[in-house]
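First the proteins, then the strands, lettered A, B, ... as listed; each starts at 1.
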Number of protein chains: 2
Amino acid sequence: MGRSRGFDIDDALDAAVRTFWEHGYEASSMQTLCDAMRVQPGSAYAAFGPKRALFVAALRRYAETVSADAVRRITTPVSGLQGLRDYFDHLIEAMVDGNRRWGCLITNSLVEFAERDPELAGLVGLHLANLRAAFEAALARAAAAGELRPGAGPEAAALLVAVAQGMNVLAKSRPGRAPLRAIVDATLAGLVA
Amino acid sequence: MGRSRGFDIDDALDAAVRTFWEHGYEASSMQTLCDAMRVQPGSAYAAFGPKRALFVAALRRYAETVSADAVRRITTPVSGLQGLRDYFDHLIEAMVDGNRRWGCLITNSLVEFAERDPELAGLVGLHLANLRAAFEAALARAAAAGELRPGAGPEAAALLVAVAQGMNVLAKSRPGRAPLRAIVDATLAGLVA
DNA sequence: CCTATATTTGGCGGACCGTTCAACAAAAGG
DNA sequence: CCTTTTGTTGAACGGTCCGCCAAATATAGG
């Protein structure tokens, strides 16, 4: 019993995700975060613990929503090649129009945290491994269907992960649709039959 | 006339480069920077101005030394394809052994600064355009020499920039040599004849 | 209703941040 | 030598940061 919480945990977490996503960890003060979450500092600390714990929760939320949605685009289509196209097409649109103009929270976190927080870096590494596995499966499907040029296969997953990370970096310079298209087209041109 | 400076500007700048490179901008306090530069705060402010100006100077220094060295590996060999190989081979070694285990200061800066400092983002954009131009020239040379598969040409420069940025991100998770090799091999496999 | 419990409030404290300044030291010109 | 000019020193400033807490508030159960 007792007083019930006056805000929704996931709503607050989504606000924290947006703040961390846009400004990064250090540049997001607890003040700013609390304003975005519409919650007072005391309530935030009661619900999430200190800032780092809030960030971990936000990162998990991001992985379960934004990132999982993106990965699903790779795995859903029966055609492996179509899965790759869907993923990258959506990526481009979200970078031009949507919230991926801030890049990717996972990518940003790796850059900002890798040197000083090995535990957090490991968590990021898990999500990157997920993405890589999805790419590998799609490439295997595509190869089996004869959609790839001879010699191309699942080992190209490493390349696709690198390209995605590179695009996440370049997205922060707010490029137009064309430069991003060029990256994807050149990538796939080297893979398809 | 007057007292001469007791430290070398470029040496201090190199120390600042290392600090910013390893820890990022926000996580590098003036205290830490002054310790690394072996200089007192007053002297640092007299020589470089406020923190942001020191960072700009450090970024320029990085571009003129580390980055210029890397780009030179692309442009120097007469064989365009060999230029690409030299660049990426050196990148891999520096990521495993050398100071590129901290990624790339330019990449890191784009991720950390793009949202809040358009001027700095523009400066980073210039350096990326440099890299892109070097890739384009190398690809043109390679195509003219028949080193590339039909259809591959200078427009693949966008891909190479993205792959380089992606590797700079992934380097922060301290991968072994093999995963990095796989990225480069898959990239070039899609380009060469 | 009243009591027990959980949440919210709003501000406080100690630490660290970037920056400045007056006192001091040293080198160059005469 | 002395004067002038520049660089160095290291403490200290105001401001912001994160994290916390006692009082006030609201809910659920009896």
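Judged purely by distance below 3.5 Å, without hydrogens or angles, the side chains of B/Asn108 and B/Glu112 never pair a donor atom with an acceptor atom. Defined by atom type and a distance below 3.5 Å, a donor-acceptor pair is present between the side-chain atoms of A/Gln82 and A/Asp86.
Salt bridge B/Arg52/B/Glu119: present, at least one basic N to carboxylate O contact under 4.0 Å. Salt bridge B/Arg116/A/Glu26: absent, no basic N to carboxylate O contact under 4.0 Å.
The main-chain N or O of A/Ala164 is found under 3.5 Å from a side-chain atom of A/Asn168 such that the two form a donor-acceptor pair. Using modelled atom types, no side-chain atom of A/Arg132 and backbone atom of A/Ala157 make a donor-acceptor pair closer than 3.5 Å. Side-chain atoms of B/Thr187 come within 3.5 Å of backbone atoms of B/Ile183 as a donor-acceptor pair (strictly under, hydrogens ignored). When atom types are taken as modelled, the side chain of A/Arg101 and the backbone of A/Gly98 share a donor-acceptor pair closer than 3.5 angstrom. A donor-acceptor pair under 3.5 Å is absent between the side-chain atoms of B/Asp117 and the main chain of B/Phe113, judged by distance alone. Panel note: side chain A/Ser173, backbone A/Leu170; a donor-acceptor pair is recorded below 3.5 Å. Counting only distance, with no hydrogens or angles, the side chain of B/Trp21 and the backbone of B/Ala16 share no donor-acceptor pair below 3.5 Å. Side-chain atoms of B/Lys172 do not come within 3.5 Å of backbone N or O of A/Ala121 as any donor-acceptor pair.
Under the salt bridge (charged side-chain N to carboxylate O under 4.0 Å, His left out) rule, B/Asp89 has a single partner from B/Arg73, B/Arg181, B/Arg177, which is B/Arg181.
Mapping A/Arg5 and B/Ser28 onto DNA chain C by nearest heavy atom places A/Arg5 closer to the 5' end of the strand.
Of all the residues in residues 109-124 of chain B, not one reaches under 4.0 Å from DNA chain C with any non-hydrogen atom. Contacts between residues 32-58 of chain B and DNA chain C, defined by a heavy-atom separation below 4.0 Å, involve B/Pro41, B/Gly42, B/Tyr45, B/Pro50, B/Lys51, listed by number. For residues 17-27 of chain A, proximity to DNA chain C is found at no residue, defined as any non-hydrogen atom under 4.0 angstrom from a strand atom.
Every residue two or more places apart in sequence or in another chain that forms a ring-ring contact (aromatic ring centres under 6.0 Å, His included) with A/Phe20 is listed here: A/Tyr25, A/Phe55.
Put simply, chain A comes within 4.0 Å of DNA chain C, heavy atom to any atom, from C/dA4 to C/dG11, going 5' to 3'.
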Nucleotides 28-30 of chain D: which of its N/O atoms have a protein N/O under 3.5 Å away?
none

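Cation-pi check for B/Arg85 over B/Tyr87 is not met; the charged atom does not lie both under 6.0 angstrom from the ring centroid and within 45 degrees of its normal.
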